[in-house]
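Owing to the predicted nature of the structure, the values given are computational and were not obtained by experimental measurement. Chain identifiers are assigned alphabetically (A, B, ...) following the order of the sequence lines, protein sequences preceding nucleic acid strands; residue numbering begins at 1 within each chain.
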There are 2 protein chains.
Amino acid sequence: MNALFKALSHPVRRRIIEMLRKGPMASGDIAAAFDMSWPTITGHLNALKEAGLVSPERDGASIRYRLEISAVEEALAFLMAMTGTGQREDDREDRS
Amino acid sequence: MNALFKALSHPVRRRIIEMLRKGPMASGDIAAAFDMSWPTITGHLNALKEAGLVSPERDGASIRYRLEISAVEEALAFLMAMTGTGQREDDREDRS
DNA sequence: AGACTAATTAGGAATATTCCTAAATTCAAG
DNA sequence: CTTGAATTTAGGAATATTCCTAATTAGTCT
């Protein structure tokens with residue numbers, strides 16, 4: 001859970017996640033979309049992988065990264081637990 | 001949005017948020033719940049305040065911090081946009 | 001195998017985060 | 001207005017993050 005939110009805490013990593021929503025992408029294509037060195041992007045991809053947010057799979061010469069929606073949903077569940085969406089019946093005020 | 005996810009990226013800050021779900025708490029009471037110095041907790045409260053996640057209000061001798069649910073919902077909206085919950089009609093596959 | 005392409009690892013500098021103790025601030029109440 | 005309690009600010013050490021360039025690995029293709 002900690003690695004997850006830590007991964008989400010960097011703008012470049014969030015943008016990578018956004019890019020991958022449309023489908024898996026090669027490491028090089030992701031790197032090309034940023035004004036940063038490829039190794040730097042590899043580092044961010046590693047952070048996302050550690051967090052379970054993406055998974056790599058080889059595709060011929062290149063490696064494609066796929067977004068793991070389930071990990072995003074974990075973070076979502078945590079936040080929903082605080083907006084009251086996941087609130088227990090007993091805790092509610094509007095009890096009749 | 002960046003300050004928001006950055007604020008959420010530290011376990012102590014997430015735990016503070018969880019504590020405040022039950023209602024506003026004094027800075028000292030929050031600090032007492034952790035095995036850390038009070039100034040350290042003040043620092044975390046400042047980060048949460050910068051992110052709009054909490055707001056301080058004086059209550060006699062002490063200062064109570066209140067959770068700002070709307071800020072949590074911002075983060076929630078961002079994540080929902082990637083799980084497909086906020087997906088546009090045109091993007092869906094199960095179109096009939 | 002050898003050359004080429006895709007991607008990662010290594011090493012290191014700059015910067016940011018986290019946490020501490022000590023000092024300052026702010027307010028309440030005698 | 002002084003004392004005391006609640007809280008924040010200041011300053012600084014230890015650690016972590018972010019980013020770079022150079023070197024390396026892994027895989028493709030002739």
**Complete:** chain A reaches DNA chain C, atoms under 4.0 Å from its heavy atoms, from C:dA6 to C:dT9
For [X] versus [Y], what's the shortest heavy-atom pair and its separation?
{"X": "A:A7", "Y": "A:L48", "result": "CB-CD2, 4.2 Å"}
{"X": "B:G52", "Y": "B:E68", "result": "O-CB, 3.2 Å"}
{"X": "B:L4", "Y": "B:A71", "result": "CD2-O, 3.5 Å"}

Starting from [atom2] on [N], measure out to [atom1] on [X] and report it in whole angstrom.
{"X": "B:N46", "N": "D:dA10", "atom1": "CG", "atom2": "P", "value": "11 Å"}
{"X": "A:D59", "N": "D:dT28", "atom1": "CG", "atom2": "P", "value": "10 Å"}
{"X": "A:I63", "N": "D:dT28", "atom1": "CD1", "atom2": "C1'", "value": "13 Å"}

Considering only heavy atoms from C-beta outward, does the side chain of [X] approach that of [Y] to under 4.5 Å?
{"X": "A:I16", "Y": "A:H44", "answer": "yes"}
{"X": "B:L8", "Y": "A:L79", "answer": "yes"}
{"X": "B:S55", "Y": "B:Y65", "answer": "no"}

**Item:** Nucleic acid contacts of residues 28-42 of chain B, taken as heavy-atom distances under 4.0 Å to DNA chain C
**Value:** B:M36, B:S37, B:P39, B:T40
**Prompt:** Listed in order of residue number, which residues of residues 3-10 of chain A have a non-hydrogen atom at under 4.0 Å from DNA chain C?
**Reply:** none
Measure from the side-chain N and O atoms of [X] to the backbone N and O of [Y], and report whether any donor-acceptor pair falls under 3.5 Å.
{"X": "A:R13", "Y": "A:K6", "answer": "yes"}
{"X": "A:R64", "Y": "A:A26", "answer": "no"}
{"X": "A:R21", "Y": "B:A81", "answer": "yes"}

**Item:** Hydrophobic cluster membership, B:W38 vs B:M25, 4.5 Å side-chain cutoff
**Value:** no
**Complete:** Heavy-atom nearest nucleotide on DNA chain D taken for A:R58 and for A:H44; more 5' hit belongs to A:H44
**Asked** Counting any heavy atom closer than 4.0 Å, what does A:R64 reach on the DNA or RNA strands: base, sugar-phosphate only, or nothing?
**Response** nothing
**Request:** Using a 4.0 Å heavy-atom cut-off across all strands, classify A:G43 as base, sugar-phosphate, or nothing.
**Result:** nothing
**Asked** Parallel under 30°, tilted from 30 to 60°, perpendicular over 60°: which one fits the rings of A:F5 and A:F78?
**Response** perpendicular
